[in-house]
J.: 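One structure follows; several queries about it will come next.
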Amino acid sequence: MRNVSIKTLEFPLCVKNKILRIRNITKLNIEYISGKNIIFKNTNLGIKEPHKIIISNDNQGIVLLCYDDTDTTLYREDLSHIITLNELTRIIEYLLEKNKRI
């Protein structure tokens, strides 16, 4: 008998749209990983695993986290701070520039 229930969440389209608005981002590798709700049966415990966005060139990348399906706030993987659209644009430009040099 399983004591854990895992429900895969649908990746929020509003977050994908926000990311795809950045110029030239499609020249990089983008992977969207859906989050999960993990519920431990017969308890009041649960874990909400965030959605993940992995953006990379051939040898560098960044992992972003998104917790809410209705909010487009993105966080660094270590949760040290929120990534704004301007910061993400600069990161994308940096990854694109590094890709050109190789």
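Numbers for residues simply follow the sequence, beginning at 1.
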J.: To the nearest 0.5 Å, tell me how far T84 OG1 sits from L74 CG.
T.: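 T84 atom OG1 to L74 atom CG measures 9.5 Å (nearest 0.5 Å).
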
J.: Measuring only between side-chain heavy atoms, which start at C-beta, is F11 closer than 4.5 Å to I33?
T.: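 They are not in contact (no side-chain heavy atoms under 4.5 Å apart), so the answer is no.
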
J.: Hey, could you give me the CD1/CG distance between I53 and L65, rounded to the nearest 0.5 Å?
T.: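 Interatomic distance, I53 CD1 to L65 CG, rounded to 0.5 Å: 7.5 Å.
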
J.: Kindly give the heavy-atom pair with the smallest separation between P12 and C66, and that separation in Å.
T.: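 Taking P12 first and C66 second, the nearest heavy atoms are CG-SG, 4.4 Å.
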
J.: Specify the closest pair of heavy atoms between L9 and K48, including all atoms of both residues, with the distance to one decimal.
T.: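 Closest heavy-atom pair between L9 and K48: CD1-CE, 4.0 Å.
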
J.: Among the clusters formed by ILVMFWY side chains lying less than 4.5 Å apart, do L64 and L20 turn up in the same one?
T.: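 Hydrophobic grouping puts L64 with L20.
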
J.: Where the side chain of H51 meets the backbone of G35, is there a donor-acceptor pair that is under 3.5 Å apart?
T.: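 Yes, because the side chain of H51 sits within donor-acceptor range (under 3.5 Å) of the backbone of G35.
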
J.: Measure the shortest side-chain to side-chain distance between I38 and V4 over non-hydrogen atoms and say whether it is less than 4.5 angstrom.
T.: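 Side-chain contact under 4.5 Å: yes.
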
J.: Atom OG1 of T89 and atom CD1 of I25: how far apart are they, to the nearest 0.5 Å?
T.: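 T89 OG1 to I25 CD1: 8.0 Å, rounded to 0.5 Å.
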
J.: Roughly how far, to the nearest 0.5 Å, is CD1 of I62 from CD1 of I91?
T.: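 Nearest 0.5 Å value for the CD1-CD1 distance: 3.5 Å.
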
J.: Nearest 0.5 Å please: distance from the NZ atom of K7 over to the NZ atom of K36.
T.: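 Result: 14.0 Å between the selected atoms.
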
J.: Closer than 3.5 angstrom, by distance alone: can the side chain of N57 be matched with the main-chain N or O of L95 as a donor-acceptor pair?
T.: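 Confirmed, N57 side chain pairs with L95 backbone.
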
J.: Looking at L96, D58, I54, which hits side chain to side chain contact (heavy atoms under 4.5 Å, CB included) with L28?
T.: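 Among L96, D58, I54, the one meeting side chain to side chain contact (heavy atoms under 4.5 Å, CB included) with L28 is L96.
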
J.: For D78 and S80, does a side-chain donor sit closer than 3.5 Å to a side-chain acceptor?
T.: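 Yes - a donor-acceptor pair under 3.5 Å links their side chains.
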
J.: Looking at side-chain heavy atoms only, is the closest gap between N86 and L88 below 4.5 Å?
T.: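 Answer no - side chains too far apart.
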
J.: Rounded to the nearest 0.5 Å, what's the gap from CG on N42 to CZ on F40? Could you check?
T.: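 Between N42 CG and F40 CZ, I get 12.5 Å after rounding to 0.5 Å.
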
J.: A side-chain contact here means heavy atoms from C-beta on lying under 4.5 Å apart; do I22 and L85 qualify?
T.: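 I22 reaches L85 side chain to side chain.
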
J.: So do the side chains of H81 and Y75 get within less than 4.5 Å of each other, counting heavy atoms only?
T.: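 Of all side-chain heavy-atom pairs linking Y75 with H81, none is under 4.5 Å.
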
J.: Between I39 and I47, is there shared hydrophobic-cluster membership here, with clusters defined by ILVMFWY side-chain heavy atoms closer than 4.5 Å?
T.: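 Cluster IDs for I39 and I47 differ.
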
J.: Within the side chain of K52, is there an N or O that forms a donor-acceptor pair under 3.5 Å with the backbone of S34?
T.: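 Such a contact is absent between K52 side chain and S34 backbone.
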
J.: Assess whether side chain to side chain contact (heavy atoms under 4.5 Å, CB included) is satisfied between Y32 and V15, documenting all intermediate values.
T.: CA-CA 10 Å; Y32 301 99; V15 174; 5.8 Å; no

J.: Got I83 and R76 here, is their nearest side-chain heavy-atom distance under 4.5 Å?
T.: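 Yes, at least one pair of side-chain atoms sits under 4.5 Å.
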
